[in-house]
Amino acid sequence: MKEPLELRISKAIWRSTADDWLRLLSSDVIIVGAGPSGLTAANYLAKSGCKTLVLERRLSFGGGIGGGGMLLHKIVVDDEAIPILKDFKIGYEYLSEYDLYVLDSSELMAKLAANAIDSGAKVITGMTVEDLIVREKPFKVEGVVVQWSAVLLSGLHVDPLFIYSKAVVDATGHDAEVIRIVERKNPEVGIKVLGERSAYAEVSESKVVEMTGKVVEGLYVCGMAVAALRHIYRMGPIFSSMLLSGRKVAEEVLKDLGAYKMTNLKNA
Ligand code: 48H
């Protein structure tokens with residue numbers, strides 16, 4: 001006779017969660033933040049066979065995409081982002097009078113996430129990265145310290161747990177939260193988060209991509225966190241640089257991990 005449904009529901013969830021976590025506790029790459037840059041990075045990393053884990057504080061993904069342009073349900077990109085949109089079969093419309101491509105924010109969010117998951121990345125929501133695992137001489141990041149976001153909101157004192165990885169990507173957006181942990185807790189490393197500048201879209205779109213990459217051994221940055229770290233202008237709801245920065249950080253990580261044998265999560 002089958003066990004009662006309530007028991008089977010709970011056991012199924014515990015079993016599958018535990019199986020996932022035992023696999024994920026040692027990942028190739030941890031991406032902190034499931035916004036446009038983080039999800040784009042996850043897509044390319046997972047597709048290349050990297051065991052990729054995305055940790056997102058909220059219970060939803062997409063980061064700043066969902067807000068569109070001042071809550072209007074559209075964002076724009078320029079022609080440089082079109083190959084990425086094509087990679088993920090994301091629809092767009094070209095407005096020749098503005099020389100810009102317009103797309104629906106909901107489609108961008110959904111397809112970036114769905115493609116990342118289909119490529120083998122694991123996206124876990126409701127989890128906050130609150131610290132890093134580090135080694136010294138030379139300083140190196142070897143993983144993250146995590147806590148349920150709900151616990152952090154509760155004000156309870158609950159000790160966190162650890163996840164190891166060969167690379168950590170700060171894709172936390174405007175606050176560059178992961179890099180600020182290095183700045184605050186490991187001042188001897190000499191990292192200074194200079195803060196984002198006011199709006200100058202033309203300049204920032206290329207600068208953010210140019211400055212995307214490794215920060216210290218084991219730690220990389222993409223998206224708006226690059227603007228915060230390097231004192232670059234903001235650009236408003238044009239998302240080319242977020243997508244291009246996500247792709248670039250994936251390339252940088254892959255280059256550095258080239259020596260490792262990578263295991264795709266789906267086959268691990
Ligand atoms: C777990 C965390 C943590 C943490 C934060 O803000 P995002 O969308 O980030 P980007 O850089 O991919 O995209 C930025 C874009 O959305 C934007 O805001 C633009 C282009 N602005 C221009 C302008 O002028 O304003 O996503 C970051 C995600 C969010 O979902 C956070 O919840 C999450 O990271 N996050 N997750 N642990 N410590 N900190």
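The chain is numbered in sequence order, starting from 1. Note that ligands are numbered from 1 as they come in the structure, with each ligand's atoms numbered from 1 the same way. None of these values were measured; they are calculated from a predicted model.
- One finds no salt bridge joining E252 and K214 here, because no Lys/Arg side-chain nitrogen approaches an Asp/Glu carboxylate oxygen to under 4.0 Å.
- Between K166 and E142, no side-chain nitrogen of the basic residue sits less than 4.0 Å from a carboxylate oxygen of the acidic one, so the salt-bridge criterion is not met.
- No donor-acceptor pair under 3.5 Å is formed between the side chain of D104 and the backbone N or O of K74.
- Under 4.0 Å is where a charged nitrogen must lie from a carboxylate oxygen, and between K11 and E3 at least one such pair does.
- Note: Y101 and F239 fail the aromatic proximity criterion, with ring centroids not under 6.0 Å apart.
- In summary, R180 and D175 do not engage in a salt bridge, as defined by a charged side-chain N under 4.0 Å from a carboxylate O.
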Short N or O separations between ligand 1 and the protein, below 3.5 Å:
from, atom 1, to, atom 2, distance (Å)
ligand 1, 8 (O), G64, N, 2.7
ligand 1, 11 (O), M224, N, 2.8
ligand 1, 12 (O), P36, N, 3.4
ligand 1, 12 (O), S37, N, 3.0
ligand 1, 12 (O), S37, OG, 2.7
ligand 1, 16 (O), G64, N, 3.4
ligand 1, 18 (O), H174, NE2, 3.0
ligand 1, 21 (N), H174, NE2, 3.3
ligand 1, 24 (O), R234, NE, 2.7
ligand 1, 24 (O), R234, NH2, 3.4
ligand 1, 24 (O), M235, N, 3.4
ligand 1, 24 (O), G236, N, 2.8
ligand 1, 25 (O), H174, NE2, 3.3
ligand 1, 25 (O), R234, NE, 3.4
ligand 1, 25 (O), R234, NH2, 2.7
ligand 1, 30 (O), E56, OE1, 2.7
ligand 1, 30 (O), E56, OE2, 3.0
ligand 1, 32 (O), E56, OE2, 2.6
ligand 1, 32 (O), R58, NE, 3.4
ligand 1, 36 (N), R57, N, 3.0
ligand 1, 37 (N), V129, N, 3.0
ligand 1, 38 (N), V129, O, 3.0
ligand 1, 38 (N), E177, OE1, 3.0
ligand 1, 39 (N), E177, OE2, 3.4

